[in-house]
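All remarks here apply to the structure that follows.
Keep in mind that the numbers below use all heavy atoms, side chains included, and drop hydrogens, waters and symmetry copies.
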Amino acid sequence: DVESVNDVSVTAKDTSSIIASVSSWSVASGVGGDAAMAGSLGVSIARNFIGYDQARASVPGVGVFANIQNSSITASGNVQVLATAQNLIDSFVLAGSVAATYSGGASLSASGSGVYSVNRIGNHVSAVITGSQDDITASSVSVSAVDESKISSIADAVSVAIAVGGFGGAFSLGISL
């Protein structure tokens, strides 16, 4: 039993956050009199999870829970039950690759870069009063569950290939997922 001359407040708040910055760079060059070759590959992977395991399955029982259960409350003020999730994932993922060749004869350059970024927030947010509905006396009763979670993600891939020579070939590929 709870008796109060003021307010009665039950609050739960989760402010878990992930700030991730992932980058990879690869550079290759080749110089030759008759022939030159260069190859370069850059890859970045970011996997950010709140409320999920590495297999991307939600984790049971993870969340924000505020509750009054089987209780008698008498308050001169207000009764508030509030659950708030303010999770944040801020992710920046970059992969870059540069390949350059120079020769008097044949010149070949190949460059590739790739980015894979997955960001997930999975929370159960709950505010409840159970088994106590008839046993609460107050000026007002407020029950709220709020999810203000945010994901901000930037994923970029940059690739450059340059081949200079009597006969030259260049290939470049950049992929962001």
Is there a donor-acceptor pair under 3.5 Å between the side chain of [X] and the backbone N or O of [Y]?
X: S16; Y: D14; result: no
X: S107; Y: A163; result: no
X: S26; Y: L41; result: yes
X: S109; Y: A38; result: no

*Check whether any side-chain heavy atom of I136 lies under 4.5 Å from a side-chain heavy atom of V141, and answer yes or no.*
yes
Check [X] against [Y] and note the closest heavy-atom contact, atom names and distance.
X: V8; Y: V2; result: CG2-CG1, 4.1 Å
X: A106; Y: S103; result: O-OG, 2.7 Å
X: S111; Y: A161; result: CB-CB, 4.0 Å
X: V62; Y: N123; result: CG1-OD1, 3.8 Å

*Does R120 count as lying over the ring of Y52, i.e. NZ or CZ under 6.0 Å from the six-ring centre, within 45 degrees of the axis?*
yes
*Does CG in D34 sit with more than 12 non-hydrogen atoms of other residues, nucleotides or ligands closer than 6.0 Å?*
no
*Looking at S139, S9, S4, S140, which hits side chain to side chain donor-acceptor pair (under 3.5 Å) with N78?*
S140
*How many angstroms lie between CD1 in I50 and CD1 in I121, if you round to the nearest 0.5 Å?*
4.5 Å
